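A short write-up of the structure that comes next.
Letters A, B, ... mirror the listed sequences (proteins, then strands); counts begin at 1. Predicted model only: the values in this text are computed from it and were never measured. Side chains included, hydrogens not; waters and symmetry mates left out as well; all remaining heavy atoms used.
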Amino acid sequence: METTQTSKAVITIRNLYKRFGDNAVLNGFNMDLYEGENLVIMGKSGSGKSVMIKCLIGLEEHDSGSINVMGQNIDDLDADQLDELRTEIGFLFQGSALYDSMSVRENLEFPLRRHTKKFGRIHDAEPLVLEALESVGLAKAIDLMPDELSGGMKRRIALARTLILKPSIILYDEPTTGLDPITSKEIVQLMQKVQELYKTSSIIITHDVDCARAIANRMILLIDGKNYAEGSFETLQNNMDPKIQAFFK
Amino acid sequence: MKSILIEIGELSYFAGRFFREAFKRPFEYREFLRQCYNMGNRSFLLVGITGFIIGLVFTLQSRPTLQEFGAVSWMPSMVGISIIREIGPIITALICAGRIGSGIGAELGSMRVTEQIDAMDVSGTNPFKYLVVTRILATTLMLPILVVLSDAIALYGSYLVENLKGDVSFQLYFNEVFGSLEFGDVVPSTIKSFFFGFAIGLVGCFKGYTCGKGTEGVGRAANAAVVYTSMVLFILDFLAVLVSDIFYDL
Amino acid sequence: MKEKSNTQKLKLGIFVIAGLVLFIIGVYLIGNQQSMFGSTIRLYASFQNINGLKTGNNVRFSGLTIGTVKSIDMLNDSMLIVGMAIDKSSATHIHKGATAAIGTDGLVGNMIINIIAGKNQTTTVEEGDTLTSFRKLNTDEMLSTLNVTNENAALLTADLLKITRAINAGQGPFATLINDKAAAADISQALQNFRQTSYAALKIMQHTDQLVLSLNDSKGLVGLAKDSTTSNHIRNVAANLDKTSNNLNVAVKDLQLTINEIRNGKGTLNYLVNDTSLAIKVDTTMGKLDMTLDQLHEAGIKLNENLEALKHNFLFRGYFKKLEKEKAKVTGNR
């Protein structure tokens, strides 16, 4: 596989183990993310996909193995360095995770409050906020509160909040769950647009086959805490392994 | 039993983390002020009404007994001491445990469940500082103020009853109240109020912040916040009485 | 957005300031009551027993609260020094002779120190002065004293009851005095006798007077004096008379004393009630008095006899006849 990639790896995961009590969620997971690609990770619910990307960004601590993000081993980073690294990584949460008590504008301004190193101190966040909102096509929603938004709008606002820091890597945690097929399609299109616009590398965690088909440059199937199979969407779809076929039915 | 000990251990760890984080920069002023407003001003009406009714009822209830002894003139000092020393702080704290504690528990719980806390973390804001430290500080500082206001309103309610039933002037009533009070009454109850506020914030945040998965977890967090806070409040109150008794003897 | 958060801040500010102001007012009022603010001077007083006085208790001067107890130090096993903070303006009215006493505020109230104005009204107290202390009875002591008084009263009434019972039952001399009609009659009789006797005595005196006068005037005096039997007789009579009147004098004095004592009630009641010997004495006095009176009576009779005999003596016959004539003349003139 690596021979087909000309660009360098931005994220490298080796032998990742994570267990919650008796439940071994990750069992020696290996993964590489190359610059500019859309990597789709598919797996059943509870197969450890979300845990994996949370480990990746330091929200969960892994038990053993190594995670290397943009040349830095995240185990070696202190809180400040980790924060700095996180400005380079956008994270789109499953349920959008907009702050309920804040308006859309405040939600978007929030990441700017602390991630000042990348932009310096920001005195007027308005242009950045508007730019991010326009990139998801929701500039008019700037003064609404999250509970006034539909699910699809929330997802887009959440994406805008992720984009406002202009990250080089975006992690999508189930970007289309809980959305109707049409909205899902809109979101996927938006993701592709963002990819072109910001030249990001992305990891997309999903079990939505349509989404995977539309966006994946490469796929990893996560089964029992391991990368069970790897390859392009077509390669895996044509694989006769019943465990793999189960995903595409 | 073991789970209770684990819970206490986790709570202590959580409290320790609060103290470590509270003194680290940056301090989230805006969120702190917002929480102060939410907890202070927004609780005032509830606390005020409760205090007023407590003052009213307390006076109405104890008046006949004192009348039997012909000691109605002791009413202001008795009401004053009991409200300032005990009833004001504990009632206000319990009301706030119900309103603020459950609010914090539910809010942080739902933020945890919907990954808002994670989102904050990713956004470079320490959610512990932003959410927990500000809330605990806000309750710690706002509760004593609420207690003072509630005390004042309760005493006013008591004065109204006294005035209607016994024709006592405002000045005489409050002279009697403050004449019977000593710093030994006010200082411990004020210190106690700070601890009550701290307990409400701490337990509420702890329950919310460490909330389990799902909407059920949120409900449980809110509920547990109130129950545990009330329990902790009574334990603290008991300890406060013990400690202030010791200091009173010195 | 900005405006909203500003009004929030404003409201929060009002809220916090309201709370703080109320708190400060409360603290100030309490402090005022405890004279913690404003200028005070320190006065001291030493006590043997402070009866549970505590720091923070009030100090009163003429019933006005003017300060609080600030310190209590044990000097030795029988001396406690109490330091008081006194409001400066009130302290100008306290003079050096003032005394400090520990008392209670009401029957079961707090302990307080009462400062009582003294006699020395010249100089006012100064910082650090020690007031003389006055140990006022506390409730405990008061009650115990009252208890003793009560016990005494109980004993007294019991005794009194005994006495009145005894009197009613007719025991003891006093009772006799009160209840015995015969004794009363005796006394009254004795007094009557006495009156009679004294009247008789008076008469005798008059007679003797006249006799002596007439003897002086009479020419037959020499002859009479020469008659030794008669002169002896007269001498006897005079001596008897002297003795009788002396006895009478003593008896009258005795009686006077007794009556006076009874009238003045100077412990006499007590004596009469408790002292049987006195009663006996009174009795015997009465007896003696009776006897004396009897003797006197007898003496009077004897004297009369003597005089009668003298009348019949030829030497005096003429005198007595003349006396009778004069008497008749007097009565005839009337």
Side-chain angles (χ1 to χ4, degrees), chain B residues 29-45 47-48 51 69-71 73-74 77 80-81 83-84 88 92 138 141-156 171 174-187 189-190 193 248-250, chain C residues 1-38 52-60 63-74 85 87 104-112:
Chain B
Y29 288 102
R30 274 188 61 188
E31 177 68 6
F32 170 68
L33 291 178
R34 203 170 69 89
Q35 291 305 327
C36 282
Y37 178 78
N38 272 347
M39 288 160 186
N41 292 43
R42 297 239 173 113
S43 306
F44 175 61
L45 188 67
V47 165
F69 292 115
S73 61
W74 282 14
S77 35
I81 287 177
I83 284 179
I84 301 286
T92 308
L141 295 180
M142 286 298 112
L143 196 78
I145 293 176
L146 283 171
V147 166
V148 168
L149 293 172
S150 150
D151 283 352
I153 291 168
L155 285 177
Y156 186 72
Q171 199 184 356
F174 282 92
N175 263 345
E176 284 277 314
V177 168
F178 287 109
S180 62
L181 286 175
E182 288 168 14
F183 284 104
D185 300 318
V186 176
V187 172
S189 77
T190 307
S193 307
Y248 208 75
D249 286 346
L250 286 179
Chain C
M1 285 319 280
K2 270 257 147 40
E3 265 169 42
K4 187 187 158 201
S5 95
N6 273 344
T7 50
Q8 276 191 4
K9 279 179 193 165
L10 185 73
K11 283 183 191 169
L12 178 65
I14 292 168
F15 176 78
V16 170
I17 286 169
L20 286 178
V21 164
L22 275 175
F23 184 74
I24 289 164
I25 288 174
V27 166
Y28 177 76
L29 284 176
I30 296 166
N32 229 6
Q33 299 274 359
Q34 297 196 355
S35 56
M36 218 167 236
F37 308 113
L53 186 83
K54 282 183 287 192
T55 53
N57 278 140
N58 285 332
V59 178
R60 297 222 173 120
L64 177 72
T65 304
I66 56 163
T68 50
V69 174
K70 280 283 158 217
S71 64
I72 296 170
D73 298 302
M74 199 154 212
D87 183 41
T104 44
D105 194 1
L107 198 62
V108 286
N110 284 325
M111 303 308 294
I112 53 168

*How would you list, by chain and number, every residue that makes a side-chain hydrogen bond (donor to acceptor under 3.5 Å, both in side chains) with S193(B), sequence neighbours excluded?*
none

*Between Q8(C) and Y37(B), what is the shortest heavy-atom contact and its length?*
O-CD1, 3.3 Å

*asked:* So for atom CZ, which belongs to F32(B), do other residues, nucleotides or ligands contribute more than 12 heavy atoms lying within a distance under 6.0 Å?
replied: yes

*Output all residues satisfying side-chain contact (heavy atoms from CB on, under 4.5 Å) with I25(C), sequence neighbours left out; order by chain, then residue number.*
V21(C), L29(C)

*Just how far is it from atom CD1 of I145(B) to atom CZ of F23(C), taken to the nearest 0.5 Å?*
10.5 Å

_Heavy-atom pair of closest approach, residues L33(B) and K9(C)_ = CD1-CE, 3.9 Å

